[in-house]
Amino acid sequence: MYTIQFKRAQKLLQQGMDLLFPPRCAGCQQVGHLLCPTCLHSMQPLPPPLCQYCGLPLATATDSCPSCRQHSLQLHGMRCTHLYQGALHNAIRELKYTGQPRLAEPLGLLLAQTFTRHGMHADGLIPLPLHTQREEQRGYNQATLLTRCCAAHLKVPCLENLVIRAHATRAQVGLNAQQRQHNVRGAFALAPGTPTTTLAHATFVIIDDVCTTGATLEACAAPLYAAGAKEIWGLVLARPGETSRDASKDML
């Protein structure tokens, strides 16, 4: 009862603050919305054909993109909402770096819509863990906020304490694909005391905001596969396109 009353009071307080200080759209800075209808409309689903593995657009109708033919993902597949550009790029940066956790709600809905559109299924959604030091610096893990919102829309369990960041790693910015894999190898583990029998034959979806090569998602999936998970997929808000990966220097 106390929790419900607290949430109601918190909502009323936020509504009052919005009247005094109206929010600005993270995409275009228009007053009145966290994400305005125009910017949300710009985040349209990626058009087919798409790579059946990583989910990126293809120039021609083939099964996979050049990257996946050279290096197959250590995941069953990955799906993304849109490319890392425009209003979505701005919104993700606002969520991660300027203390705008409320953006997790509209962005989490985009993830849920992407999950449904691709016919995905899962026994649980897992946010990509941050190391405790980095989470304390930021104040929250944006992947956890996104996963909670996405899970609420889908009515799928949010398993935010299943996988932990076992040790800190350097940022992935500026590293090539091989260096990224080496950097995060062994960085994740199951939470102490996790009964592995509950993971056998289960399907999980790991959620993050942005993915470049998939190395971090693969490293997060490793302890789940080792425990007997049947399928593990990645679901992210955005990925750089094949022609824009070199321009994504601000991505982790």
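All residue numbers in this chain count up from 1 along the given sequence.
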Any idea which heavy atoms bring [X] and [Y] closest together, and the distance?
| X | Y | result |
| --- | --- | --- |
| Leu46 | Pro57 | CD1-CD, 4.0 Å |
| Ser64 | Cys51 | CA-SG, 3.6 Å |
| Ala122 | Val205 | CB-CG2, 3.7 Å |
| Ala227 | Leu199 | CB-CD1, 3.7 Å |
| Arg93 | Tyr84 | CG-OH, 3.7 Å |
| Phe188 | Pro223 | O-CG, 4.0 Å |

Could you see if [X] belongs to whatever hydrophobic cluster contains [Y]? Use Ile, Leu, Val, Met, Phe, Trp, Tyr and a side-chain cutoff under 4.5 Å.
| X | Y | result |
| --- | --- | --- |
| Leu107 | Met120 | yes |
| Leu159 | Leu190 | yes |
| Tyr225 | Leu128 | yes |
| Ile164 | Leu162 | no |

Report task. Using side chain to side chain donor-acceptor pair (under 3.5 Å) as the criterion, list what pairs up with Glu231, not counting sequence neighbours. Result -> Trp233
Requested in this report: Starting from the C-alpha separation in whole Å, work towards a yes-or-no answer on side chain to side chain contact (heavy atoms under 4.5 Å, CB included) for Tyr53 and Arg69.
Outcome: CA-CA 10 Å; Tyr53 300 109; Arg69 285 196 292 271; over 6 Å; no
When you measure from the side chain of [X] to the backbone N and O of [Y], does any donor-acceptor pair fall under 3.5 Å?
| X | Y | answer |
| --- | --- | --- |
| Arg239 | Thr212 | yes |
| Asp123 | Thr203 | yes |
| His82 | Gln44 | yes |
| Gln29 | Cys25 | yes |
| Arg165 | Pro129 | yes |
| Thr194 | Thr196 | no |

Report task. Might you work through the side chain to side chain contact (heavy atoms under 4.5 Å, CB included) test for Cys211 and Cys80, ending with a clear yes or no? Result -> CA-CA 9 Å; Cys211 168; Cys80 65; over 6 Å; no
Do the non-hydrogen side-chain atoms of [X] and [Y] ever get within less than 4.5 Å of each other?
| X | Y | value |
| --- | --- | --- |
| Cys39 | His33 | no |
| Leu145 | Glu105 | no |
| Gln100 | Leu95 | no |
| Ser67 | Thr213 | no |
| Ile207 | Pro127 | no |

Mind checking the [atom1]-[atom2] spacing from [X] to [Y]? Nearest 0.5 Å is all I need.
| X | Y | atom1 | atom2 | answer |
| --- | --- | --- | --- | --- |
| Lys96 | Asp209 | NZ | CG | 4.0 Å |
| Arg148 | Asn141 | CZ | CG | 9.0 Å |
| Leu125 | Cys149 | CG | SG | 11.5 Å |
| Leu88 | Leu40 | CG | CG | 10.0 Å |
| Ile126 | Leu217 | CD1 | CG | 11.0 Å |
| Leu56 | Arg79 | CG | CZ | 10.0 Å |

Requested in this report: Dump the intermediate steps for side chain to side chain contact (heavy atoms under 4.5 Å, CB included) on Met78 and Leu235, then the final yes or no.
Outcome: CA-CA 6 Å; Met78 190 184 311; Leu235 176 62; over 6 Å; no
Query raised in the report: Can you check side chain to side chain contact (heavy atoms under 4.5 Å, CB included) on Arg117 and Thr114, steps first, answer last?
Result: CA-CA 5 Å; Arg117 184 170 60 253; Thr114 302; 3.3 Å; yes
